[in-house]
Amino acid sequence: MDYNFNEIEKKWQQYWKDNNTYKVDIDESKPKFYVLDMFPYPSGAGLHVGHPLGYIASDIYARYKRQRGFNVLHPMGYDAYGLPAEQYAIKTGQHPEITTNQNIKRYREQLEKIGFCYDWDREVRTCEPGYYKWTQWAFLQMFKSYYNTELDKARPIDELVAYFEKNGSEGCNAHTSANVEFTADEWNAMTNAERSQMLMNYRIAYLGNTMVNWCPKLGTVLANDEVSEGLSVRGGYPVEQKVMRQWCLRVSAYAGRLLRDLDTIEWSESIKETQKNWIGYSEGAEMLFPIVGSDEQLLIFTTRADTIFGVTFMVLAPESEYVEQVVTPEQRAAVDAYLDEVKHKTERERMIEKKVSGVFSGSYALNPVTGKEIPIYISDYVLAGYGTGAIMAVPAHDSRDYAFARHFDLPIIPLIEGADVSEESFDAKDGIMMNSSNERLQLNGLQVKDAIAKTKEYIAEAGIGKVKVNYRLRDAIFSRQRYWGEPFPIYYDEDGQPQPLDESELPLQLPEVDKFLPTETGEPPLGRAKNWVAANGRPLELNTMPGFAGSSAYYLRYMDPHNDNALVSKEADEYWRQVDLYVGGTEHATGHLIYSRFWNKFLYDYGYVCEPEPFRKLVNQGMIQGRSNFVYRIKDTNTFVSYNLKNDYDTTQIHVDINLVENDILDVEAFKAWSPEYANAEFVLENGKYICGWAIEKMSKSMYNVVNPDDIVERFGADTLRLYEMFLGPVEASKPWDPNNIGGVSRFLKRLWGLFFKGDEMQLVDEKPSAEALKSIHKLIKKVTQDIEQFSYNTSVAAFMICVNELSTMKCKAKSVYRDLVVLLSPFAPHIAEELWHVLGEQGTVCDAQWPQWNEDYLKESVVKYTVLFNGKPRFNIEVPAGTAQDEVQAQALAHEGAARWLDGKQPKKVIVVPNKIVNVVV
RNA sequence: GCGCCUGUGGCGAAAUUGGUAGACGCGCUAGACUUAGGAUCUAGUAACGCAAGUUGUGUAGGUUCGAGUCCUAUCAGGCGCACCA
């Protein structure tokens, strides 16, 4: 009987569906385990073979854990809001919901063919009202909260209001970005609108005037992680810096906890490192520099307090609030011209130019330690968003200050012995201080490290500053000027102030619009909706939430997906707690994985969830790249040149569909039929063939190198696809899809199948397995068990191949051996395992079979061989009967005896037995 | 510039964590079988050499009886952050 994978796979997929095999419920009698994949955005292109890589790895783990007696939650869903569906809608007028649902249907079909053990009853879609109700709900909780820096957690905003009524802002422990102070009387005298505006400085979800990344081409603002090198990550359009009034999330309040708690989770070092960089912890000092002829002082941040004696000028960011206070009338024109110039440059232009620019403000500041007057400049190399937007410049020991000083011919005072600052600055935090003592502070002779500590102490004592920790992490910009996203549960009152909807009004459903474009007056698409008002008749917010809103808490929703009264019930949360294993790509390191952690911590502060971290262990699967093929067209002709002849002509490289190419040889007729453009193409061949060029690139529709998993399933079966993807290499590694290797895995399954049958008869019998068969299978049990725990699936597949070869060679027919083999194989190749499970006459499904245990006794050798080395060189072998821990002692005695014989009776100096069957003798 | 990771056959990769480097698969070579297939089976396959043997884990040192593995330096590739004070 042949291995008919198509029939088997269809049959068992149907069986699993009919019997709800993968449905899971809370079961207090079993320990839980939560295995999660990052849910996909359902794009129009469908799945390619790269997508399932992580899904297969997690599926294996989920099935394995289930067989080890765990109650495993393994759900799947869709991140359904996204730009492509919206842009398609703008182009065609088709509602993005229709496109999205079509794509979801396709994804589901593709996923089902691969045989994952998802509990589809728990599927979530971020664009469904029943789901986004809870996205909106979480937003409302954030709107109604502030961050208490003393308790280090979120608290109701009402508590802050009560505090303001009694004490004003004095001594208030609330995280804020604004430097405002007011008394209780002032607070109580404010109008409602004024109070509402003031509270925006404290709310965790707030409407703020912030510098945003504005992408004119996309017509929307973007979060920092959606921008790379001044271009939008999606689309690659230029991004400008612009002050706009936008919804933001006070992620920065959580910077410390986001950083600290990284130590409590099992993530790869590289992704933790990426998050650490993104959060950007930096310990330094804030210092006050009095402005000459003014009562105002400049507050600056520095990590190099020790260099205070080398400060020769100050610099303000162009957007700094201090600018207005320091510009003198004489310098007004020059400053305005500079500010105007800076404003019209995009961030990308600023980065590319890297030219030193700036302008003198006209004012001077007083160095609080030396008492010297130093000029205040304005320059865009100082960023408004970091620290205080103002710095003390130490050109001798900071390369940026150095460049600025050289350009404006400002003095440079070296502070470290032996540092040569004639050509460049000396930035290292290393060396002995000099030029750094006066009657107030003496740093000369100290190491830099000690000088920093001493200066910090001094400035605190002298009252000119304080020790301060700064984070680079900024608040997340949370509104988008788009249609296809969650509406905000916010209306605007008579004063134009945003107010929360009542929770009973949730979900606030996305309204219908006639077009998916901004309005003629430049408002977001929701401005087109008719009757877009709250229950009280007031107008609703027109922005929608960004992509990461819906994906920030989806792992919680899977725990209790149909609950209409809570995001997740207490019972479900306390049972499932957190994701034990999360599998997904590294591209979300600074986006989703930060936002989710933030969101979870916020919910944790109120006790809505019981774990401070959402994802205990994270595995990042690599990308599967495509292998693209190229043809070479001679410029301005319709003639194509074979790869090795292309250098004789002036050619253009063109991607060609890999389905038209076999072993880099182009099927020229198929190529002509591919597109009307090529119907009359002519070819310059080599040896009668057209050879294509190739490259390893990202798998993408536009490069015509996409391999569809459906085709592989059709030709080789889902089990082969699963085994093959695991066999390619470590899950974490990126690797190109190489269709050649698949034959080996396919052959392995056929060979395994062949062991069960003689002709059409099942040939296995109930007999006692031989010692060597037991050894072979127990070796496999041990290997596979350990490999799965370590995600080393590629070596597991190799071990299966070895075992099957051994069983085949020894003609093993004992059912009990194959029963264990089938159970071991079932996480990797569930369909064939299920079929063979029933061929063996077993009941139930193999998913519920208990995972076998290995017995070390079967693995022991009867005789242990030792190689005796003299000073590392092999001399002779000895054999010791195996059995107990005694064999090492025996080996030592035997080796000693043997060595003495070899050395003509001379005793060896030392005999070392190492546990891997080698005895080393020192002579 | 700062930080992190990775360097092993023709290729994807293993190596029980310091103990016979290259498991397993692809590819390749030779052969067998056959109703000629997108087959299957057997043997071989790190390099050099007819051999015994020698050399081999990016490079150079070091520790050790013994190093792919540990230490130091260096080179190459990948990723992240980047006028972040």
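Reminder, nothing fancy here: chain letters follow the sequence lines and each chain counts from 1. Nothing here was measured: the structure is a model prediction, and the numbers come from that model.
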Criterion ring-ring contact (aromatic ring centres under 6.0 Å, His included) on Tyr381(A) and Phe404(A), from CA distance to verdict: CA-CA 9 Å; Tyr381(A) 84 88; Phe404(A) 194 84; 5.4 Å; yes
Verdict with reasoning, Tyr402(A) to Asp427(A), per side-chain hydrogen bond (donor to acceptor under 3.5 Å, both in side chains): CA-CA 10 Å; Tyr402(A) 188 89; Asp427(A) 290 15; over 6 Å; no
Among C41(B), C24(B), C26(B), the nucleotide that comes nearest once only the side chain of Ala798(A) is considered: C24(B)
Glu321(A) atom CD, over 12 foreign heavy atoms within 6.0 Å: no
Touch class at under 4.0 angstrom, heavy-atom based, for Pro730(A) against every strand present: sugar-phosphate
Salt bridge Glu283(A)-Lys468(A), side-chain N to carboxylate O under 4.0 Å: no
Closest to side chain of Thr302(A), choosing from A85(B), C81(B), C41(B): A85(B)
Nearest-Å distance once atom C1' is located in both C24(B) and A15(B): 12 Å
Out of G80(B), C83(B), A85(B), whichever nucleotide has its closest atom nearest the side chain of Asn277(A): G80(B)
C1'-based separation of G3(B) from G68(B) [nearest Å]: 26 Å
Pairwise C1' distance for A46(B) and A21(B), with rounding to whole Å: 10 Å
Phosphate-side-chain proximity, Arg747(A) and U40(B), N/O vs OP1/OP2 below 4.0 Å: yes
Between Asn805(A) and Arg751(A), a side-chain donor and acceptor under 3.5 Å: yes
OP1 or OP2 of A82(B) under 4.0 Å from side-chain N/O of Arg472(A): yes
Base-pairing mate for U74(B) - Watson-Crick or G-U, with both contacts under 3.5 Å: G58(B)
Nearest-angstrom distance, P atom, U40(B) to C26(B): 9 Å
P atoms of G25(B) and C79(B), separation to the nearest Å: 33 Å
Set of residues satisfying salt bridge (charged side-chain N to carboxylate O under 4.0 Å, His left out) with respect to Arg474(A), sequence neighbours excluded: none
Touch class at under 4.0 angstrom, heavy-atom based, for Leu728(A) against every strand present: sugar-phosphate
Arg751(A) side chain near C41(B) phosphate (N/O to OP1/OP2, under 4.0 Å): yes
Nearest-nucleotide comparison on RNA chain B, the residue closer to the 5′ end among Gly387(A) and Glu269(A): Glu269(A)
Closest nucleotide among C4(B), C24(B), C83(B) to the Asp380(A) side chain: C83(B)
Touch class at under 4.0 angstrom, heavy-atom based, for Arg474(A) against every strand present: base
Separation of the C1' atoms in G62(B) and A47(B), to the nearest angstrom: 28 Å
Spacing of the P atoms in G58(B) and A76(B) (rounded, Å): 16 Å
Nearest-Å distance for atom pair CG/P, residues Leu593(A) and C81(B): 13 Å
Torsion-based syn/anti label for G9(B), 90° from 0 as limit: syn
Inter-nucleotide C1' distance (G9(B), G44(B)), Å rounded: 15 Å
Sugar-phosphate, base or nothing in reach of Arg304(A), heavy atoms under 4.0 Å: sugar-phosphate
G12(B) phosphate, OP1 or OP2, under 4.0 Å from Asn794(A) side-chain N/O: no
For U54(B), glycosidic torsion class - syn if within 90° of 0, otherwise anti: anti
Counter-base of C83(B), judged by Watson-Crick or G-U geometry with both distances under 3.5 Å: none
Contact nearer the 5' end of RNA chain B, comparing Phe716(A) with Lys783(A): Lys783(A)
Atom-pair distance (CG on Asp398(A); C1' on G1(B)), nearest Å: 12 Å
Sugar-phosphate only, base, or nothing, as touched by Asp738(A) at under 4.0 Å among non-hydrogen atoms: nothing
C26(B) - base-pair partner by Watson-Crick or wobble geometry, distances under 3.5 Å: G10(B)
Tyr381(A) vs A85(B): side-chain N/O to OP1/OP2 distance below 4.0 Å: no
Between Thr720(A) and Tyr3(A): side-chain donor-acceptor atoms closer than 3.5 Å: no
Which nucleotide in U40(B), C4(B), C24(B) has an atom nearest any side-chain atom of Ile802(A): C24(B)
Atom-to-atom span, CZ of Phe828(A) to P of C24(B) - whole angstrom: 18 Å
Watson-Crick or G-U counterpart of G18(B), or none if no pair lies under 3.5 Å: none
Mate of G31(B) where both pairing distances stay under 3.5 Å, Watson-Crick or G-U: C41(B)
Side chains of Tyr471(A) and Ser252(A), donor plus acceptor under 3.5 Å: no
Side chain of Arg715(A) (C-beta onward), nearest among G3(B), C24(B), G38(B): G38(B)
